[in-house]
Amino acid sequence: QLEESGGELVQAGGSLSISCVASIPTFSVYAVGWFRQTPGEERKFVASISRAGDRTLYADSVKGRFTISRDNAKNTVYLRMNFLKPEDTAVYYCAATVVPTDAWNTDVPRVRATYAVWGQGTQVTVSS
């Protein structure tokens, strides 16, 4: 199971960190992704991190502003969001799956269908 937390209302230009805590056994074998969704829209890829934390991927819309990281000792993945924009407003979901090492050279870690386990989401609202 995955549980997100930390979502809140922030002003544009501000920063926020959200967390994803896993109760999955052997969490360190799983890659984790963050996705976000707004009403009426599909859930979209934000960032992903490999099981060891040595590979990361970002959507172009957040590259340079968001940072994904993980602490396997705490079964937790973080998403640090800087220079937030109103268009970052969404429900943010974390998801976990096994991603082969060579798949990090492909779009596999960006694809929603790749992920098998999902959290319930946390709301991030950025005011203008």
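Hydrogens, waters and symmetry mates play no part in the numbers below; they use all other heavy atoms, side chains included.
Of the possible polar contacts, one joining the Thr89 side chain to the Val126 backbone as a donor-acceptor pair under 3.5 Å is found. When atom types are taken as modelled, the side chain of Thr122 and the backbone of Gly7 share a donor-acceptor pair closer than 3.5 angstrom. Remark: side-chain polar atoms of Arg70 are paired, donor with acceptor, to backbone N or O of Ser50 under 3.5 angstrom. In terms of modelled atom types and a separation under 3.5 Å, the side chain of Asn75 and the main chain of Ala22 share a donor-acceptor contact.
Using a 4.5 Å heavy-atom threshold, the side chains of Ser69 and Val77 count as separate. Side-chain atoms of Ser28 and Arg51, non-hydrogen and from C-beta on, never get closer than 4.5 Å to each other. The shortest side-chain heavy-atom distance between Glu4 and Trp34 falls under the 4.5 Å cut-off. Within the 4.5 Å cutoff, the side chain of Leu16 has heavy atoms near those of the Glu8 side chain. Counting only heavy atoms from C-beta outward, the side chains of Tyr30 and Val117 never approach each other to under 4.5 Å. Two residues are said to be in side-chain contact when any heavy atoms from C-beta on lie closer than 4.5 Å; Trp118 and Arg112 meet this criterion. For the pair Phe66 and Leu79, the minimum side-chain heavy-atom distance is below 4.5 Å. Under the 4.5 Å side-chain criterion, counting only non-hydrogen atoms from C-beta, Lys74 is not in contact with Phe27.
For Arg36, the salt bridge (charged side-chain N to carboxylate O under 4.0 Å, His left out) partners two or more places apart in sequence, or in a different chain, are Asp88.
Within a 6.0 Å sphere centred on CD of Glu3, other residues, nucleotides and ligands contribute 12 heavy atoms or fewer. Other residues, nucleotides and ligands place more than 12 heavy atoms under 6.0 Å from the CD atom of Gln123.
The six-membered or imidazole ring of Tyr93 lies away from that of Phe35, with a centre-to-centre distance of 6.0 Å or more.
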Verdict with supporting geometry, Ile24 and Leu2, side-chain contact (heavy atoms from CB on, under 4.5 Å): CA-CA 8 Å; Ile24 304 172; Leu2 303 175; 3.7 Å; yes
Tyr58 vs Ser48, side-chain contact (heavy atoms from CB on, under 4.5 Å): CA-CA, chis, key distance, verdict: CA-CA 7 Å; Tyr58 296 93; Ser48 60; over 6 Å; no
side-chain contact (heavy atoms from CB on, under 4.5 Å) between Val124 and Met81, intermediate numbers included: CA-CA 10 Å; Val124 174; Met81 303 179 287; 4.0 Å; yes
Stepwise side-chain contact (heavy atoms from CB on, under 4.5 Å) test for Tyr78 and Thr76: CA-CA 7 Å; Tyr78 306 94; Thr76 303; 3.4 Å; yes
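Across every non-hydrogen atom of Ser127 and Leu9, the tightest pair is CB-CD1, 4.1 Å. Here the closest heavy-atom approach between residue Val62 and residue Val46 is recorded as CG2-O, 3.5 Å. Of all heavy-atom pairs between Tyr92 and Ile18, the closest is CB-CD1, 3.6 Å.
Ser17 and Arg80 form a side-chain donor-acceptor contact under 3.5 Å, judged by distance and modelled atom types alone. Checked by atom type, the side-chain pair Ser15/Asn82 shows a donor-acceptor distance below 3.5 Å.
The distance from the CZ atom of Arg43 to the OG1 atom of Thr38 is 11.0 Å, given to the nearest 0.5 Å. Once rounded to the nearest 0.5 Å, the distance linking OG of Ser128 with CG of Leu84 reads 13.0 Å.
Its side chain outside the 4.5 Å cluster rule for every partner, Val111 clusters with none of the Ile, Leu, Val, Met, Phe, Trp and Tyr residues.
Applying the side-chain hydrogen bond (donor to acceptor under 3.5 Å, both in side chains) test to residues at least two apart or on different chains, the pairs with a partner in residues 97-111 are Arg55-Asn105.
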